[in-house]
A.B. asks: 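Please see the structure below; I have some questions.
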There are 2 protein chains.
Amino acid sequence: MGTKSQIIEIATALFQEKGYNGVGLNEIINACKISKGALYHHFPNGKEELLIACLGSLNEVITKDIEEIFDQYPTIKEAMKAMIEKLIAKFETEGTITSYTFSSIVSEMGSLSEAVRIACSNLYTKIEGIYSNKLQSDGLSEESANSIAVTMTAAIEGGILLCLTNKTSEPLKMISQVLLRLV
Amino acid sequence: MGTKSQIIEIATALFQEKGYNGVGLNEIINACKISKGALYHHFPNGKEELLIACLGSLNEVITKDIEEIFDQYPTIKEAMKAMIEKLIAKFETEGTITSYTFSSIVSEMGSLSEAVRIACSNLYTKIEGIYSNKLQSDGLSEESANSIAVTMTAAIEGGILLCLTNKTSEPLKMISQVLLRLV
DNA sequence: GTCTATAAGACGATAGAC
DNA sequence: GTCTATCGTCTTATAGAC
């Protein structure tokens, strides 16, 4: 079923870029070239159901994407370096970053439901898990690996915000250097 | 001039918590117990003018607050530790963090104006500057201090997002430990 | 400087035809 | 499964009285 997954794909990018409240259903159906009726056929409970579907899809995409990079490189140092470089390259060509971030949705959580919070929490947990596993296979203790994994997740999410705000990829470049010094 | 500054104060907290698009003018005037006419008297250009006033006010408040903490402690290590502990204490008593974060506004920037982006950029630059100065007075080179300052800014902003998402202060506690190891 | 009343439009959501 | 038409609500913003 192409339509439903196409809606999810397009809506995900819009939500990441502008936030949940920053995107209207009209904007989504225009971008997808479908009608309001079609949208509500696939998501009978409306906009928030669509958002949660987007977060679920994002979970799969991000996990697959990051795991692929992490399988390519033997140590966390190399894998992390490659991952952030990919992020920077995308930012420099496209002018925006949507890849591994959903801070736009998280930061509006004060006006969203508990189901959304849990979906976001699952996503962060999954990302942290990938980092932590690689750190442990590099020889770190579980406790130490978890702390660094959380810091990496936070620094990258924050770094993306800084890049978008300053319209330059410098913050992520600096952060990459500093994070690599941690391991 | 009580009214105008009161509007700014209340609106700032709401914007930080729910994002720019997550807060309506009606919510703001109800919280301030004023009328729509009064709001537009003080901010003739409407909601975005109010937002920019809020970011300017936030600039003063955050700077003063962080500088006060940083003046109290001789090294960045102690100052940063105290700052994050203050953040955690506030989160644990109030259940939310609005203090030194405006990611909610930044992350909606895709749907906001250039003037807003610049106001946010100024804020991040100012915070980074405080960290960097302290790092340099601790003996680090300018280049090294700047990299670490940016990483600290990003990690704290990201850490706040993780705390709000997971409804626990653990992420900031872990991040504090790791960041302090950097200096 | 603050108020009420109102405008014009966008919002999310629904009904019913095809 | 997709469409159009519509509903009620909420949005930002304005006008004009006091």
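Convention: sequence-line order gives letters A, B, ...; per-chain numbering from 1.
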A.B. asks: Rounded to the Å, how far apart are A:Lys33 NZ and D:dT4 P?
C.D. replies: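 One finds 15 Å between P of D:dT4 and NZ of A:Lys33, rounded.
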A.B. asks: Whole-Å distance between D:dT11 P and B:Leu50 CG?
C.D. replies: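 Rounded to whole Å, this separation is 15 Å.
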A.B. asks: Got a donor-acceptor contact below 3.5 angstrom from the A:Thr165 side chain to the A:Leu161 backbone?
C.D. replies: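 Present.
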A.B. asks: The side chain of B:His41 lies closest to which of these nucleotides: C:dT2, D:dT2, C:dT14?
C.D. replies: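 Nearest nucleotide to the side chain: C:dT2.
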A.B. asks: To the nearest Å, give me how far apart CG (A:Leu51) and C1' (C:dC11) are.
C.D. replies: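 In whole Å, C:dC11 C1' and A:Leu51 CG are 17 Å from each other.
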A.B. asks: The side chain of A:Lys47 is closest to which nucleotide in this list: C:dG12, D:dC3, C:dC3?
C.D. replies: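 The answer is C:dG12.
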A.B. asks: Is the NZ or CZ atom of B:Lys4 positioned over B:Phe43's six-membered ring, under 6.0 angstrom from the centre and within 45° of the axis?
C.D. replies: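 Positive - B:Lys4 is close enough to the ring of B:Phe43 and near enough to its axis.
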A.B. asks: Which part of the nucleic acid does B:Gly37 contact within heavy-atom distance under 4.0 Å: base, sugar-phosphate only, or nothing?
C.D. replies: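 Contact class for B:Gly37: base.
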A.B. asks: Let's see if you can work this out: which of D:dA13, C:dA13, D:dT2 has an atom nearest to the side-chain heavy atoms of A:Leu25?
C.D. replies: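 Nearest to the side-chain atoms of A:Leu25, counting from C-beta on, is C:dA13.
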A.B. asks: Rounding to a whole Å, what distance do you find between A:Gln6:CD and D:dG1:C1'?
C.D. replies: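 One finds 14 Å between C1' of D:dG1 and CD of A:Gln6, rounded.
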A.B. asks: Starting from P on D:dT12, measure out to CD on B:Glu49 and report it in whole angstrom.
C.D. replies: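 Value for this atom pair: 15 Å.
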A.B. asks: What integer distance in Å separates B:Asn45:CG from D:dA13:P?
C.D. replies: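 Spelled out: CG on B:Asn45 to P on D:dA13 is 9 Å.
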A.B. asks: I need the CG-P distance between B:Asn21 and C:dG12, as an integer number of Å.
C.D. replies: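 The distance from CG of B:Asn21 to P of C:dG12 comes to 11 Å, rounded to the nearest Å.
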A.B. asks: My understanding is that only one of A:Leu55, A:Thr12, A:Asn45, A:Ile28 makes a side-chain contact (heavy atoms from CB on, under 4.5 Å) with A:Leu50; could you say which?
C.D. replies: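 That would be A:Ile28.
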A.B. asks: Scan B:Asn26 against the nucleic acid and name what it touches under 4.0 Å (heavy atoms): base, sugar-phosphate only, or nothing.
C.D. replies: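 If one applies the 4.0 Å heavy-atom cut-off, B:Asn26 turns out to touch a base.
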A.B. asks: Counting N and O atoms only, with roles assigned by atom type, does the side chain of B:Thr101 sit under 3.5 Å from a partner on the main chain of B:Thr98, one being a donor and the other an acceptor?
C.D. replies: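 Not a single qualifying donor-acceptor pair exists.
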A.B. asks: Check the pair A:Tyr131 / A:Phe70 against ring-ring contact (aromatic ring centres under 6.0 Å, His included), numbers first and verdict last.
C.D. replies: CA-CA 9 Å; A:Tyr131 298 165; A:Phe70 271 59; 5.6 Å; yes
A.B. asks: Can you figure out which of C:dG12, D:dT4, D:dA13 approaches the side chain of B:Tyr40 most closely?
C.D. replies: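 So the side chain of B:Tyr40 is nearest to D:dA13.
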A.B. asks: When you check the phosphate oxygens OP1 and OP2 of C:dT2, does a side-chain N or O of B:Thr3 lie under 4.0 Å from one of them?
C.D. replies: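 Answer yes for this pair, as a side-chain N or O of B:Thr3 is under 4.0 Å from OP1 or OP2.
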A.B. asks: Counting side-chain heavy atoms from C-beta on, which of C:dT4, D:dA13, D:dT4 comes nearest to B:Lys36?
C.D. replies: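 Taking heavy atoms from C-beta onward, the closest nucleotide is D:dA13.
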A.B. asks: Would you indicate which nucleotide in C:dG12, D:dC3, C:dT2 comes nearest to any side-chain atom of B:His42?
C.D. replies: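 Looking only at side-chain atoms, B:His42 lies closest to C:dT2.
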A.B. asks: Just the rounded figure in Å: distance from P of C:dA10 to CD1 of A:Ile28.
C.D. replies: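 Rounded to whole Å, this separation is 16 Å.
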